[in-house]
Amino acid sequence: MPGIERYSVGDLDPLARQLEDEGLRAVLVFGVGRTKDGEGTDAWAADGLVPQAVRAIKRAAPNLVVVTDVCLCAYTSHGHCGVVRRGGVANDATCERLGRVAVAHARAGADVVAPSAMMDGQVGWIGAALDSAGFEETAIMAYSTKHASVFYGPFREAEESAPAFGDRRGYQMDPRNGREALREMDRDVAEGADILMVKPAVTSLDLLARARERFPLPLAAYQVSGEYSMLKLAAERGLVDERAAVEETLGAIRRAGADLIVTYFARDVARSARTMP
Ligand code: PBG
Ligand code: ZN
């Protein structure tokens, strides 16, 4: 991805301080498995990369809100977001493992866990696992409306998490189905989600606006890797002005109803806010 790097745990002490100085309030942490196997066991290792990263960030910048992605795809040898049984992803076996991942992250000090595997019931399973481990205060940001989208391509390359067979349409949502998206959000609310998320952002503005009317919860929108890369490359080619394009798209996401925006442009936005006359 143009302009985006992956970091080692050792880089995070100076980086976290720098981000805080730049005015960022929160980070979303993704890990890449040190080992990959059929079950994704490295995802819930107590000393895994994400728990190590969370500890390093919290030590360096205690006020930065740390959100962690909870999924198995960067840890499974087949690249699917869950455990594969008889050629398909096994929903409940995956949910049970997602609960362990969330507890490992919470134990390391994560403030918010963000389940992105799109298993049915994952928010409820994760909430129950957190509660019984004594982490009632850890919030859940649910990737409620996560479409089976072509715009995750650059991220999968960066995270080495593309599925080795098939695709994710069995568990991610059909981008053309709006009512199903709202039903997923209803379900996440009933299961105890603290924040609802839609992604990709610009292809989900209608859902964001409808969710804004329907739920009194904080709403997040994730401007994903493909949305970022399109703007970045168009700007690099001189086709659009980057800063204006970023302001316009993030402004539209905000207008549609997002309280929180996850974006690869976060540091740029913070920088331009500081240099504003
Ligand atoms: C993993 C995950 C993905 C993204 C966030 N978490 C990829 C996928 O579902 O294939 C996409 C992020 C991005 O494109 O920026 N479940
Ligand atoms: Zn996944």
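Values in this document were obtained by computation on a predicted structure and should not be read as measured data. Remember, it's 1-based here, ligands and their atoms both numbered in the order they're listed.
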> Which of the listed options, Glu227, Lys199, Met1, holds the heavy atom that is closest to atom 5 (C) of ligand 1?
Replying inline: Lys199
>> Checking a contact table here: which protein heavy atom is nearest atom 16 (N) of ligand 1, and how many Å away?
In response: Lys146 NZ, 2.9 Å
> Within a radius of less than 6.0 Å around CZ of Phe151, do more than 12 heavy atoms belonging to other residues, nucleotides or ligands occur?
Replying inline: no
> Quick one: does Cys73 get a heavy atom under 4.0 Å from ligand 1?
Replying inline: yes
> Ion pair present between Asp21 and Arg274, side-chain N to carboxylate O less than 4.0 angstrom?
Replying inline: no
> With a cut-off of 4.0 Å, which atoms of ligand 1 are near a heavy atom of Arg156?
Replying inline: 8 (C), 10 (O)
> Quick one: which ligand 1 atoms are inside 4.0 Å of a heavy atom on Asp69?
Replying inline: 6 (N)
> Considering only protein heavy atoms, which is closest to atom 3 (C) of ligand 1, and at what distance to one decimal place?
Replying inline: Phe155 CE2, 3.3 Å
>> I'd like to check which ligand 1 atoms, numbered from 1 as shown, lie under 4.0 Å from a non-hydrogen atom of Val224.
In response: 13 (C), 14 (O), 15 (O)
>> Can you name the atoms of ligand 1, numbered from 1 with element, that are less than 4.0 Å from a heavy atom of Tyr264?
In response: 13 (C), 15 (O)
> Is any N or O atom of Gln172, backbone or side chain, closer than 3.5 Å to an N or O atom of ligand 1?
Replying inline: yes
> Can Arg55 and Asp47 be counted as an ion pair, charged N to O under 4.0 angstrom?
Replying inline: no
>> Check whether Thr145 reaches the backbone of Lys199 with its side chain - one donor and one acceptor, N or O, closer than 3.5 Å.
In response: no
> Does Tyr222 come within less than 4.0 Å of ligand 1, judged by its heavy atoms?
Replying inline: yes
> So, Gln122 side chain and Met118 main chain: donor-acceptor pair closer than 3.5 Å or not?
Replying inline: yes
>> Please classify the Glu159 to ligand 1 contact at 4.0 Å (heavy-atom distances, strictly less than): side chain, backbone, both or neither.
In response: neither
> Counting distance only, does the side-chain N/O of Thr94 pair as donor-acceptor with the main-chain N or O of Val83 below 3.5 Å?
Replying inline: yes
> After noting the C-alpha distance and the side-chain angles of Arg212 and Asp259, does the key distance pass the salt bridge (Lys or Arg N to Asp or Glu O under 4.0 Å) rule?
Replying inline: CA-CA 10 Å; Arg212 181 70 294 151; Asp259 303 293; 2.8 Å; yes
> Which angle, to 10 degrees, forms at the Zn ion (ligand 2) with SG of Cys73 on one side and SG of Cys81 on the other?
Replying inline: 120°
>> Can you confirm, on distance only, whether ligand 1 has an N/O atom lying under 3.5 Å from any N/O atom belonging to Ser225?
In response: yes
> Measuring from the heavy atoms of Gln223, does anything fall under 4.0 Å of ligand 1?
Replying inline: no
> Below 4.0 Å from any atom of ligand 1, is there a heavy atom belonging to Met118?
Replying inline: no
>> Below 30° counts as parallel, above 60° as perpendicular, anything between as tilted: where do the rings of Tyr228 and Phe265 land?
In response: tilted
> When you measure from the centre of the six-membered ring of Tyr264, is the NZ or CZ of Lys232 under 6.0 Å away and within 45° of the axis?
Replying inline: no
